[in-house]
Structures are given as structure tokens and as C-alpha cells.
There are 6 protein chains.
Amino acid sequence: MVSKSVLLTCNAIKSLKIQGARNIAKAAVKALAHQAKSSRARNASEFISELLEAADILASSRPTEPMLRNSLRKALRFVFFRLNLENTEDISVLKERMEHEAREFESNMRRNSERIAEIGSKLIPKNSVVLTHCHSSTVTAILIRASETRGIKQVVCTETRPLLQGRITAKELHNAGIKCTLIADSAVRASIAEFRPAVVIVGSDAISVSGELINKIGTSQIAELANSRGIPFYCAAEIYKFDPATIWGKMEDIEARPKEELLSTLKPSSSLKGSFFGGIKLKGVDAFNPAFDRTEAKLITSYITELGIFPPQSLSGIVSSELGIKNPI
Amino acid sequence: MVSKSVLLTCNAIKSLKIQGARNIAKAAVKALAHQAKSSRARNASEFISELLEAADILASSRPTEPMLRNSLRKALRFVFFRLNLENTEDISVLKERMEHEAREFESNMRRNSERIAEIGSKLIPKNSVVLTHCHSSTVTAILIRASETRGIKQVVCTETRPLLQGRITAKELHNAGIKCTLIADSAVRASIAEFRPAVVIVGSDAISVSGELINKIGTSQIAELANSRGIPFYCAAEIYKFDPATIWGKMEDIEARPKEELLSTLKPSSSLKGSFFGGIKLKGVDAFNPAFDRTEAKLITSYITELGIFPPQSLSGIVSSELGIKNPI
Amino acid sequence: MVSKSVLLTCNAIKSLKIQGARNIAKAAVKALAHQAKSSRARNASEFISELLEAADILASSRPTEPMLRNSLRKALRFVFFRLNLENTEDISVLKERMEHEAREFESNMRRNSERIAEIGSKLIPKNSVVLTHCHSSTVTAILIRASETRGIKQVVCTETRPLLQGRITAKELHNAGIKCTLIADSAVRASIAEFRPAVVIVGSDAISVSGELINKIGTSQIAELANSRGIPFYCAAEIYKFDPATIWGKMEDIEARPKEELLSTLKPSSSLKGSFFGGIKLKGVDAFNPAFDRTEAKLITSYITELGIFPPQSLSGIVSSELGIKNPI
Amino acid sequence: MVSKSVLLTCNAIKSLKIQGARNIAKAAVKALAHQAKSSRARNASEFISELLEAADILASSRPTEPMLRNSLRKALRFVFFRLNLENTEDISVLKERMEHEAREFESNMRRNSERIAEIGSKLIPKNSVVLTHCHSSTVTAILIRASETRGIKQVVCTETRPLLQGRITAKELHNAGIKCTLIADSAVRASIAEFRPAVVIVGSDAISVSGELINKIGTSQIAELANSRGIPFYCAAEIYKFDPATIWGKMEDIEARPKEELLSTLKPSSSLKGSFFGGIKLKGVDAFNPAFDRTEAKLITSYITELGIFPPQSLSGIVSSELGIKNPI
Amino acid sequence: MVSKSVLLTCNAIKSLKIQGARNIAKAAVKALAHQAKSSRARNASEFISELLEAADILASSRPTEPMLRNSLRKALRFVFFRLNLENTEDISVLKERMEHEAREFESNMRRNSERIAEIGSKLIPKNSVVLTHCHSSTVTAILIRASETRGIKQVVCTETRPLLQGRITAKELHNAGIKCTLIADSAVRASIAEFRPAVVIVGSDAISVSGELINKIGTSQIAELANSRGIPFYCAAEIYKFDPATIWGKMEDIEARPKEELLSTLKPSSSLKGSFFGGIKLKGVDAFNPAFDRTEAKLITSYITELGIFPPQSLSGIVSSELGIKNPI
Amino acid sequence: MVSKSVLLTCNAIKSLKIQGARNIAKAAVKALAHQAKSSRARNASEFISELLEAADILASSRPTEPMLRNSLRKALRFVFFRLNLENTEDISVLKERMEHEAREFESNMRRNSERIAEIGSKLIPKNSVVLTHCHSSTVTAILIRASETRGIKQVVCTETRPLLQGRITAKELHNAGIKCTLIADSAVRASIAEFRPAVVIVGSDAISVSGELINKIGTSQIAELANSRGIPFYCAAEIYKFDPATIWGKMEDIEARPKEELLSTLKPSSSLKGSFFGGIKLKGVDAFNPAFDRTEAKLITSYITELGIFPPQSLSGIVSSELGIKNPI
């Protein structure tokens, strides 16, 4: 029987109360631990069935999220392989192990973040200009570390329409004492000419076997501009973002966000000089509002992961073994 | 003595009551005609001095606007060359001529628009998808003509942050019965992959001697994306947009728009699913908000003008003679 | 009344008895001359009406052929401008003039060919390898001249499916003593690696105002390969191939050739080692068989014309004045 | 002593009675099994010598075919490693094992095909246009699977001169109910503009350590066109196509096919409108007729293999271990 | 009879006593004037024959130098066209005119230089970094003007092996108070990454009809690097550098400089840390030492001339009319 | 206690008496062996401490040299892992092992060189032209092997300013009977057009995890030119050149060489025709003189190593395991 905690977690994920790939993964693994703790299973086999069922339910709460699936798989490796378990028929041993895995997962998450911040910060030349897109806590951690250890001249942030997550980035960096310049998404090319960023750095939603990055809409056109000017384009990502199903041909679905995000009218806080046309109503006009786009491996200099830096084309080999992905043959 | 009408027109231009390169040029030429009509000059020489002074004042109301300067120069060609004037010392003859020129200018403007709409519409393949940026009445005229004569499958419009002029385009096209899809400025690359537009077409603020286009911020990155995928990129522009001063090394200044346009908070009309971050206050964050960017000649397939279609590199030759630009040697 | 000769010429053009842009133009101008000679018009006005009607009929025999229209227009310039005509009301004077124009046209054609051969031959480095596509008598004339004056190491000819005009080129060059290597159309990239041609040179069917070349299907992909490897790509073309209507937005139609050309089975003269699959019947399979493709100006190094060499972007200016194209404003 | 079956198989391969990399490999492994079965060896050592000699002879029947060598090496792994063999001195055990390996090989081939069809089909977007070149049973299997599971709008097939294998592809796809359009090899660029294929997919003859694809002449120019337009270019290939000798510097030889294939005259079944020049005799003209060309790794999106999808640059690592290639150090 | 002054000038040019395109042209026109002054011709026809013969001899002293030929042609235009000459049979009138032309030529040269410096200086953004190659007095004039009017942050100069003319540039700029950084020719790419120059600007030896620049060896690889990074690449050139013979197919010859320039050993003034290998003798080693290379039009943003700024593709039209080049038809 | 031999070796490395990555590594490992031999340690633990201290000191003599660090690490693997050591507490066993490792290292170096020469030589097409930069004994070994086994038409060597190491290459190849042509560093593009090299091949100073090559200044611009023309660009490198610290974000420092190397005047052995400007004094002029530049993975066809050929993106995986680099997680 699946515990209430699992179901509550699922709902919270579905209703977007829990957001962000990392937060979702943490909540799901926590729910697994709770399931284990509160289990009334009569034997190991029953106990394991419950865990697997819980994992399936949790995984289905966000079907396109590789980090969720990878985290559940990693947390349950002991179930599949019975590794380092002396008495695998003793439920209390299994319960303890599940709890241990959940604690480990949480502390690993923290350590991975720190490690990525540390590694990534070294790729930013001293006192240089950095361009970023949208908001990624991994990226802001890198920038803050770089700012502390080697200095950053300025970070140029796109505002990232339609939801304007670039404002979160701008705020966080400004609060950390980093000079920050907000630009319209359409001003990337002009900003590259004006500010000559030394590097571009973005986060990640998912990574495919071919090294393709799925990230916030707009990422790929920035990557194309950077690539054709010889500006390194880095993606900071825990390896949990790698989607092993892409090895077998799965194409990442791109979430179609509500058209309202583009079509609803907008009202600015201050009256703007010159006209502002956000008040025009657009009844009958259609909208195309994908959450993400695809950035091909050839546009990406490298991925910055907790395991180190990797060229996009070599990621699949390294990650597969780390995540315990079985070869189907 | 400069007439009140000239001064009023100047003010209206400066305070943005009169907007848009075409409207400004029309108002300025009209003001010249009024100056002539109400002149109390005692002789031809005095009359002409007044006109030239008026033209100088009008030109200075928007110093970076080539169409304004070109229009004034064209309207006053009879002054410089005394062409087809029988008695150039008779003020009434000169007054009449000035009025005639203003009428001609107005009707030329109209005819040019129609001609560009006609010529441009032929470049749009039957029932194809078109991508456009910002708002240009010349471009919408072309699209409406094309829709009437050959059918348009759909027009993809960027919303064009920060002022969202793309909404005007969407509205006008929708009202003309053309299917219209609004996208975020960051979704251009994804939209090209999704909708596979047959052509991109934009308007123009100014054109330099090297065939470089100065147009709404964002234009150049769309042009770069289109060019690297072999999609024709057209600019529809009356030849008045050509800035002859660039022949002598003038670099078009790019207007820096108020930072408020990016930094002021935004409130959407409907509550959006998922978070909307437009409400975050950004005190202390800087902004870079250029009105325009530069699109190099090599990214532009051709200019669509009232004189026909021209590759960007050959425009200067043709336009110089048409606008009566004197060779300085 | 239009003469029988005009109608016969039209039919011969339509039924492909007369082929090739040059032959068609010559026949049409000849027919005009015959029309003039055999005219029974009672006055100059009637005579001219007949000529214009004949020209219209002749032009319509091949509506997509700019050389035909340009030649007729050039031959009739005296009618439009009455240039150098003493008594333009005397029919015999007009008849004589028409005959004179036809003779002039024929000898100009010859002279132009020689001039293009002369100019083009200088662009071929001594003893180098040349790559060409399809068959163009202008190109073979250049190659033969170059072979005589500076030596050619070898010409690589595509066979040019589906009609295999490359065999004509191979035959003509071989007969002129030039070493010639035939390749499949799919072997262009491998041949560039193998033979490292110094230049590519092709003929032309039509040229647009933007400097775009309309030529035998396959031309544009050879141009793209040459361009990205820094190999000069020349097009040899009399300026009559320039289509002035493109200035006003006309898009050259691409002739759709019969699908039979691709779908009918083929039988080789000798039994080939390995299997040959030309005998497979393809009932129900569709085919796409355009006669020409479009090569953008940016892929073309220059046009070789009887007026000299021109970069594609500057051709329209030069040609317009030479062909007497009136500016519509 | 090598069995008669081995020699017969060798001859059949050399005389092209057995064709196609897969068929050749299957026949060779079968011949090995027959050799084992009919062996009169007196001890294990003699038995193994015979097998190795047979493998050498079979491998030499097609020296440039990596699949043949890889298959023989795989089938004989038990000989090298004595894996899972209880009594390796008992000839009957070895015989049985050889037979077992041959059966395994055959069923693996079948399973691999199915797996590649399954994986590859997922890379084809719903109801999209696909472009392919030449004929590959692996590719047609993918297309048929995709057509069944997600729908295909149309497949554009090059005819693939000189042997016209594109007709086989067209026929097979048409029979499977897929709309199919045949084009000349020179019409690839025009077809991309006309039909806007979502993906290009081809088969493989050999793959080098750098991820370079050796495939039917013409493949590389299609890849270059696709790559510069952002169209994914996939190669479907069993990992047996990987040539391990390239790790040590071997350059794949490109087979020079008979010049007759290009130079012999052709006769069409129907009289074609317009002239057909296939009848022109080309005595003295040379021909360049390579069977294959090389497509560099950077032009290939990924390889579709039975082990999953891989970026070209990571293939060597994965495949080496799978094929049991020994590191020489 | 040709004057002694003409022959002396010829010798001085041939023996490199007079160097640099501008100095050669000035000396030659001066020699023409001297020829005219000292002429003992008995009539206008004889006088003109002498002048033409002198011009031929002077032109032949440096056959590959377009500026020399253009200057002679321009100075003798009055001979060809008898423009503005009242009595063309009066030798004293002709003598006077020749002297006048020579004076005009000299003062034009000066004025053109100033004009180019003025125009060119405007293309250099305020306080930016500029990259230049070799030495050109036109370029240093532009840089000094820009430094005075808008400030220059730094000029990066290649040393320009083998003759090290970059040292002249460095010295002149340093003396004018401009910060100057010398680099090896191999450090251009690294310098672009390090210093991010806003523009590249070079001089010119000759310009062809297709807008191709012939300039000091190394120019073209700098242009290719600049172009692929979107850095404007300007060439400053008097229109006399345009070679009209290229219209008729002439390919500019590239002077092969003595191999000694590369092969002779070099001794540095100071003992260098680390080894210096300039002392190694290279008997038997060959060298390739072209004076110039070719930079294609597509790599050049614009030409800066005394007539204004022009895209490379439109130069031929403008220059032809200015230099009085007759159309051969 | 660290032995005198270690300290002497350190000094020799620091003062450049020992130069070249290979020589430095060999000397350092030899010094380790001497340290072991002369050790007076009282127990295994003390003995090992001494060795590790010695290794630290040796590594610090050239902190940016990955080969040195990799070699020391490899030579001491037995210390870390106690592999194949029966009695790891017996100092004499450890001493013997250290000596053995040093001998092994030396003979491995030799064998690796031969192996790279053998593998690399196969990548050079028969009788082709090769372009190389600077001097690398690995590259000359490859070229000499290729010349013996398949013939080389000619090697084009850049002179490689400022230290002119290209003269060493030219001399060595000429002595080995290979035709050799020296060019200025600025003549690479012109030489590619003139000689059409089949491949470019260079050595290596360090290789990063992303496959980026750090090599002599000028390497990257040659790679960019080769890449955009489809010419394979190979780097020959022992895997010891791979810097594992780059996995964790280390950016290779680029050594800034003394400015004197560029600024000191030069005197040629022979008086050159035309002026030579190497004598101009440049007091006050700055110089930028990096020893190396960075060549991105995407510009490199493959690395030629003693383990075989690898695409740059896959190198890190293979090398990490070979060098025994521990994964930090």
C-alpha cells in the first residue's frame, strides 16, 4: 500500500506547489523514505513492491522530468542490486537503508551544487562579462562563487519572456553584490556587440544522449549567436538532468505553456515615455509558447557537472555508468 | 521669419505627438508649405532664406531620422536647382511651387506605399508562412496585399519587447483576416523549426551606404538566424530611409531608450498558471535598452523600395541619384 | 496583320524545334524582320502596330525566357525612341531600320560570344582543373579559348540527370582536345576533394535583380559546395539573360519538367558489373523534376558578360541602362 | 583443412552472388559453422587452427568490409577467450559451441534490425517529410515502422546514379503504403526548399574511429546541405559497421567502380519530351566513379545502432568494448 | 622624343629608389609635365604623340601597379577628350594644360588623403581597440585623426614578416601618442580574443572589379578571422587603386618576392631568454614568398575612399565613371 | 630526505637547460629513480614519503606542464595501489620497483613515439602536400615515416615567429630528404590556395578535457583556416599531454613570453632587395607575446596518440582510465 505522503507529494508536484527539478526530486525521494518508514509490509518482497509502486506513482507526477526519474532510480539502486546488504530479507535493514539513501541523496545534492559552483567558477575569466538567460540556481551559485574568488565585471541577464524569470536572476545577483544589466530577449546580439561577454552560461532542464540541451525557450538562439562568434557556451547541470531514455530514441517532449502567458495584456507600474502597447487586446490571435527549446551539441562548449567538465558528445558514456543505466543487450 | 506652424510641428515631433518616420516627414513638409504660404518676405532671396531656416529647424527636431532630412531636401530641390521655374524672382511663383511640392510629396508617399505593397507582395510564395518583427505599416500593407492576391497561410509575429509593438501587427493582420501567431522574442529559432517560414520581412528606420539596416532591436538576430538557414530576409523601405550622410562616414546613432521600459514591473490581466515574475522590483539593477540594432548587408536578401527591389550593396548608387545627393568632389 | 513567318517561328519555339535561349532569340528577331519586310501596312502607325503585335506573340511563345523578351525589346528600341531616324513616317525607312536591327542583333550575338569567351578564359588559371555542370555553349567556348591560350589540365563534367546534357559538354570538350572526366551528379563533393578544381563555371538561364542565378537543377548545390571551400564560382551570361521584371517583384517561375524523365525505366548499352536498377518500374511513385534551381548572389563570385565582369549585386544597375529599361517613376 | 563450403561461400562473395554487408556476414558465419560441423580435426588445437584459417579466407573475400571481419571476430570470441566453456579440449563441445554461435549470430542480426527500426522510428516527427539516399534495408525498416506508429507525410528518395538503387527504396516504400517522391541527385537542395524535410536518414557501409561515415557516393553532400540548414542527419547502422582498424590509422579505401557505369549509353523506355542525351557516345572521355564518399563526424547528428543512439564522436568507445577490440598496449 | 626626365623617373621606379604607389604616381605625372614643358614638338599632334609615348614608358616601369596607370590616364584625359580647351592646336595651350593637370594631380592627392582620413576616422568607435596589418600611410592618417577627434584605446599591429613593415606603423603611431602593441603575425586570433578590437583597418595595393582586395600577404587571413567574428573589416584606398583592366578579365599578378627574405638568417639585437632559431641555415630548403594575397569582397565590410564609403560590390560602378573608363561596346 | 639529484634536475628544468615536455618528463622520472636508489629510509613508509616529496618538488619545477605531472603520477602508481607487489614493506622491493618503473617509462616513451609515427603516417595520403607549424619531434617522426612508406610531395612549414622554430622543422625534414618549403606565418591562407595541402598536422603542449589543444601561438588560426576548407587537422600527442586538472575546471595558463622576442631589432645575414625594417627601434611600444593559443575541439579532426586515433571529444574518457585518474566522487 502506497503511503499518504507519497500521494500528497504527487499532488503538490502536479499542482506546481513544488517546483524546480531539484526540489521535485528531493521531495520525491523524501516521500519514498516516508513510505519505507511507515510501511506495514509483512516481508521484504512486499516491502519492495510497495517502494517500486510508490516510485512509479511519483515518477508519473511529472513524466517529462529526467531528474525525477534518475533520482528515484538512484535512491532505489540498493533494491535492484542488493548491494552491501547483509540480510536482505530483514525489513528493518531495508527500511534503514532506504532512510540512509534519502539522507545521502539530500547531502549529495548539496555537495554536488557546491562542486559545480566550484568547478564552474574557474571557467569564468577574471573580471569578465558574463551573459546568462532565464534563472538557474546552479548558475547563480557559479556566478557568486566566481565573483568572490576572481571578480566579475558584470552579468548581462535576459528578462526571459514570457514569465520574466530573468528578474529573479538579476535580483539574486544584485543582492550578492554583482553588477547586473537586464536586457530584452531581442537585445542579445546587440549586447554581445556592446558588452563582449567572455562566456555564456545557462542551466538545464534535460540533456539527451546526443548531448543536446533542453532548456528555457531562447537558449538555443543565444547559443547559436555565441557559437558563431567563438564565445564559449557552457551549461551547468547535475548529471541527473541527463535523460537515459533518449538512448533508446525517446525525443524529449517540449511542454506547450498556456497561450495566456503571451496573449494576456500587461500593465506597467510606471507610465512609459513613448507608447507601450501591452494593453492591446488580441482576441482571435493565436500564440506559440513552448517552455523550452533544443540546443544541439555542436553549439555547446561543455557541460559543467558534479563529475567535472565534459564535452557534450562524451556525456552519455560517463553518465550512463554513474547512473547505473543497464545496457539492454 | 519662421512661421508658427513650423515651430508647432517641431514641438509635436519632439514630444512624440507626431510619431513614425512617415508621419514626421509628412508633417514637416506640410509645415514648409505653410511657411511659404504665410510668408511676408519681400523678395525671392528673403523667401528662400526663410524656407531654408524653417527646414533646418524642422530637421533638428529629430536629428537621427534620415527620412525627415531626405524629405525636406527633396521638397526644396526646386530651391537649389531652380528647375522648371520660369521666373524665379517672382515670390508668388515660388509660393505656388512650394505648395505644389508639398502636394506632390504627399501623393508620392501614398503612391510609394502602394507600389511597395504591390512589389513586396510578389515575393511571398503562395500560401506560405511569413515571419515578421515589430510593427511596420509598410510590411502590413505588403502582407495584406499578398493575402488578397495569393493567400498567406500564417504570419508569425514577435511580441517585440519592451514596448510590444508586435501586438499592433498581430491586431492589424487579424483584422484583415490573416491568421496570426504571436511569439516571444526568444522563440524565433524554435518558431523557424516549428513553422518553417518561407520568408522574413521587416521594416526599416534607416539604411546606411554599406546597405546596413538600422531597425527595431532584435531585427539583426532574426536576420542572422534566417540567413544561416537560407530563408530570404527582406526589408521593405521607402528610399527616404537611406541616410546619405553615411557615405561620408557618419555612423547611425542608436537611440538609448529609457531603462524604465525594462525595469518597471508588469502586471498581467489574468492570473497566469505557473509563476509570473514581472512583479519583482529591480532597484539597483541596470538596463541596456537600445531602440535599434544594426543588420549587416550580408544578412539581407534585398530591399523592397518604391523604385523596385535592390540588393543591399547596390542601393547607395541608385538612391544617391534619386535623392539628388551631390558628390562632394 | 501578323506574318506567317512569325506564327511558324512561334510554333517551332513551342514545340521545342527551336531550342536554347540564344537560338530562340535569334529566330524571333529574324521573324520580326520578316514581318517588317513583308508588311503591307499603309502607314507608319499601322506598321508599328503590326511589329508590336508580332513581338507580343513571339514573346508569349516562351513566357519565362528573359533573353527572348530582352532581344525583342532591344530590336524594337528604334520604334519606342525613334532614335536616329530622319523620317519616321516613311515606312520604307522603318522597314530598312528593322532589317538593319536584325542584322545588328545577329552580329552582336556573335561578337558577344567571342567577347565572353575571351574575358572568361582569363579567369581560368593556367593548366588548372575546372568543374562545370550541364551544357552551355558559352561555357564551352570559354573553356576552348582557355585551353588554346593557357592550357587546361582537365574539365570535370557532371552528367546532369535527368536529361544527361553533361554528355554534350564532355563530347564537345573531348573533340576540342581537352581532357574531360564525367561524374555522377552525386559525386561533386568527392570530385572537389579528388581533383581540387581551381574554378567552377556554369551558364545561365535567367538572372534576377538581386543577382540570383536561375540555371539547370543542381547548379545551386554545386555553388554552395564551392563557396564554402573558397573556390570561385563564375556564371557566364550575356546580359540578355537578366530579367528586368524581377525589379518589380516578379519571381522567376521554375519550369516543372515531365515526371517521366525520372520515372521511365532506363536500359544501359552494356551489361554492368554489379546490379543496375534502372529497370525497376515505379508505378504509383511520384517525382519532383524542376528544370532549374536558384543560386543566391552570395554564392556567386561574379558574372562574366559581354560588358565585362561584374559582382552579382552590381549587375542590375549596369544592365538596366544597357537594356534601356525605363524607371517606372 | 578448410571445408568446401567455406570456399564456395568465398567465391559467391567475390562474384557478387552474395551481396550486401549483412548477407555477406551471415553467409560467412554460416560457412564457419559448416566448417566446424564437418571438421575431421583430431584435437582441439587442430580444430581451432582450421576455424581460424577458414575465417582468414572468408575475411579476404571482401577486404574492405568491416562488417564481415567484425562478425567473424565476434563468432570466434569463444575461441580466443574460452568463455563459459567447461571442457575446452573436447572437440564436440567446441563444435556445438560454434553452431550455437552461428545460430546466435543469425538471431542477433534479426533482433538488431528490429531494435534499430524501433529506436530509429522514434526520431521521425509525426507526419513529417523524410529525405533519404540510395537504398538501405535498415533505413526502409525504420521508415516503415515510423509510418505504422506515427505516420510519415512523404519520403523523398534520390534516384542514386549511377546504379539507381533509389528505385529500390521508392518501390519498397510505395509497396508499404508510404507516399514516395523520386528526385534526381542534383535536386537535393531544391527539394529541401520545396519539401522541407524534418530529418535526413541514411544507411552505412563503414564507420571510422573519428565517427566518419563511409556510405554511397552523394551521402556527404546531402549531409553538408542538411547540416548548414539545421536539419538532423542520422545514420542507421549496426555497430558491426564500425571498423576497428581505423583506430590504428587505417584509412577506409573507397572502391573505384567500373567507369562503364557512367559512360555506357542509356535508353529510356518512353520517348521523352525534350531531348534526352543518354545516347551520346563518349569514346575517349574519362570517368570518376567512386562507390562511396566520406561524411565527417561534424555533419552527422547521431548514429542509430542496436545499442542505442550515439553522437559520432563517442561511438568508438562504446563499440570497442562491445566488439571485444583489444587495446594494443 | 621622350625627355630625359621621363627615363630617369622610370629608372628610379624600377630600382625601387622611388617606392610606394602614391610616390610612384606622383613622380610619373611630374615627369609627364616635364616632358610637356621641355617638348620641341612642331605641332599639337607631335606633342601629343610624345606625351603618349612617355606615358607608355612610365606605365611599363611598374606593370602591375594600377595607381600608376590610373594616374597617367587621368592626367592625360584632356588629351583624349580635349575638354575645356579652346584652341587645341596651340601647343602652348596644351603645355600649360599639362602643367595645370600635374599641379591639380598633386593637390588632389593631398586633398584625397585628408578626406579619407576624415571619413575613415568616423568609422572608429570612441576609445576602441583597432587592429591593423603592415604599414599604410592612409591608415595611419585615419588612426591619428581618430585619436585626435575621438580617442583610440590601443592599436594592435602585426609585425608583418618578412620585411617587418609593422614596425613602421608602430613607430609612427607611438610618435603620434597612440598606445601601440606589436604582435607576431601568428598571434592575430589570440589577439582578437585578448583585445577584442572593434574594427580592423588596412590599406590597399590594388582592387579588382569584383571588389577583391590585393594587399600585403596576411591581409586575407586576418579578414577571414574578422569576418567570422562579426568584426568590421575596412580597407582605406584612393580610388586610383582600382584596376579597370580586371573588368576585362585581367587577374592581378601576385609579385613573388625574393626567397632570401625568408631564408636568410636573422640576428637579434639582444640575447633572448629561451632559444632563438633564426641562426639556423637552410641551404636546400625552398621558400614561398608572395608579396600580396587576395581578400574576397565578401570578407570586406567597405572601402573607405575619397569619394566616400562603398560596399566592395558597388565600387566598380562608381569608380569607372570617375576614372573615365570607356565601356568597350 | 630529498636527494641531490632531484634538486639538480629541478634547477636544470627551471633554467631551461632541460627543455621540451618529453625531455623534462624523462629527467624527472630518472631523478625519482635516483632518489629511490640512494634512499636511506628506515622503513617503507619513510621511503614512500621521500618519493612523494621528491615528486612534488619535481612537479613544481614546471607548474603548467601536464606531461611532467602525468609522468610522475604514472611512475608512482605502484606506490598508490601497491599493485603486483608481494612484500610492500620490504624497502629493497620498493627500490627495485621504482627502478623498474623508470626503465619502463623510458622504453614506453620510445615505443610510444614509434607507435605514433606509425599510426600518424597512415593518415597522410600518398605523395600529398602537408602543412605544419612550429617544431614537434613527434610530427617530424610521422612525416619521415610517411615519406619512407608512402611518399610525401612536399611539406610546407611556417617559420613560426618570434623564435623561428619552423627552421628546425625545415632543416630536419630537408635532411631526411623531404622537399620542404618555408613560409611566413602570414602566408598560411595563400599557401593553402597555392599548394592545397591534403592535411595539416601539428604537435601539442597540453590538451584539456573538452578536447581543446594548447599549442604554439598560431596553431588555432591555421586550424580555423583548415577547418573551413574541409582540410583534416590532426594533432599528434602522447596521452601524457592531457591535463586531468582541466576536468575540475582548471584553465590552462598561457605563458606570456618576454616582449623582447618581438621588440628587439633583427639583422638579416644578407642585404635584402627592397627594404627590411627589422632595424627600427621600438622604444615605448608594447608587445603581446603569448607562447601558445587555444584550438577548440570543433576545429580538430582527431588526436593521434600511442593508444590510437581519437576524436577530441572522446579523449578524456579514454585517457582518464589509462592515466589512472581517480574520480573524485
Side-chain angles (χ1 to χ4, degrees), chain C residues 16 19 133 156 158-165 167-168 170-171 174 179-191 194-195 217-218 220-221 224-225 228 254 257-258 260-270 272-278 280 282 284-290 293, chain D residues 16 19 133 156 158-165 167-168 170-171 174 179-191 194-195 217-218 220-221 224-225 228 254 257-258 260-270 272-278 280 282 284-290 293:
Chain C
L16 298 169
Q19 270 206 66
H133 182 56
V156 178
T158 58
E159 59 172 6
T160 319
R161 278 284 289 162
L163 296 184
L164 298 171
Q165 295 95 327
R167 296 179 86 102
I168 315 177
K171 181 117 201 167
H174 180 69
K179 173 166 170 44
C180 196
T181 300
L182 196 72
I183 60 168
D185 297 301
S186 61
V188 170
R189 196 175 189 261
S191 296
E194 178 77 16
F195 300 112
I217 186 74
S220 72
Q221 63 195 42
E224 186 167 327
L225 292 167
S228 71
I254 298 291
R257 304 273 313 161
E260 238 82 327
E261 291 179 2
L262 284 166
L263 296 175
S264 69
T265 60
L266 288 171
K267 217 182 126 184
S269 61
S270 62
L272 300 172
K273 235 193 208 170
S275 313
F276 175 77
F277 303 96
I280 293 179
L282 294 176
V285 169
D286 199 2
F288 174 61
N289 188 23
D293 62 16
Chain D
L16 298 170
Q19 268 206 67
H133 181 57
V156 178
T158 58
E159 60 172 7
T160 319
R161 278 283 292 160
L163 296 184
L164 299 170
Q165 295 95 327
R167 295 179 87 100
I168 315 177
K171 182 116 201 166
H174 180 70
K179 174 166 169 45
C180 195
T181 300
L182 197 73
I183 61 168
D185 297 302
S186 61
V188 170
R189 196 175 189 262
S191 296
E194 179 76 16
F195 300 112
I217 186 74
S220 72
Q221 63 196 43
E224 187 167 328
L225 292 166
S228 71
I254 298 292
R257 305 272 315 160
E260 237 81 328
E261 291 179 2
L262 283 166
L263 296 175
S264 69
T265 60
L266 288 171
K267 217 181 126 185
S269 61
S270 63
L272 300 172
K273 235 193 208 172
S275 313
F276 176 77
F277 302 98
I280 292 179
L282 293 176
V285 170
D286 199 1
F288 174 62
N289 188 24
D293 62 16

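A note on names: the letters A, B, ... follow the listed sequences, proteins ahead of strands, and every chain is numbered from 1.
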Quick one: does C/T265's side chain get under 4.5 Å of D/R167's, heavy atoms only?
yes
Residue, of [options], that accumulates the most heavy atom pairs under 4.5 Å with chain C:
options: D/K171, D/H174, D/Q165; answer: D/H174
options: D/S228, D/G278, D/P290; answer: D/G278
options: D/I254, D/I280, D/L225, D/I183; answer: D/I280
options: D/S264, D/A184, D/G218; answer: D/S264

Can D/R161 and C/D185 be counted as an ion pair, charged N to O under 4.0 angstrom?
no
Using non-hydrogen atoms and a 4.5 Å limit, figure out which bit of [X] sits close to chain C: side chain, backbone, both or neither.
X: D/D293; result: side chain
X: D/T160; result: neither
X: D/V188; result: both
X: D/L263; result: both

How many angstroms lie between atom CG of D/L266 and atom OG of C/S269, to the nearest 0.5 angstrom?
7.5 Å
For the atom pair CG (D/L262) and OG1 (C/T158), what is the distance rounded to the nearest 0.5 Å?
11.0 Å
Under 3.5 Å donor-acceptor, C/R189 side chain and D/I217 backbone:
no
Per-residue tally against chain D (heavy atom, under 4.5 Å) across C/A170, C/A190, C/G284, C/P162 peaks at C/G284
Give me the atom names and distance for the closest heavy-atom approach of [X] to [Y].
X: C/A187; Y: D/Q221; value: C-OE1, 4.2 Å
X: C/L282; Y: D/L182; value: CD1-CD2, 3.8 Å
X: D/F288; Y: C/S191; value: CD2-OG, 3.4 Å

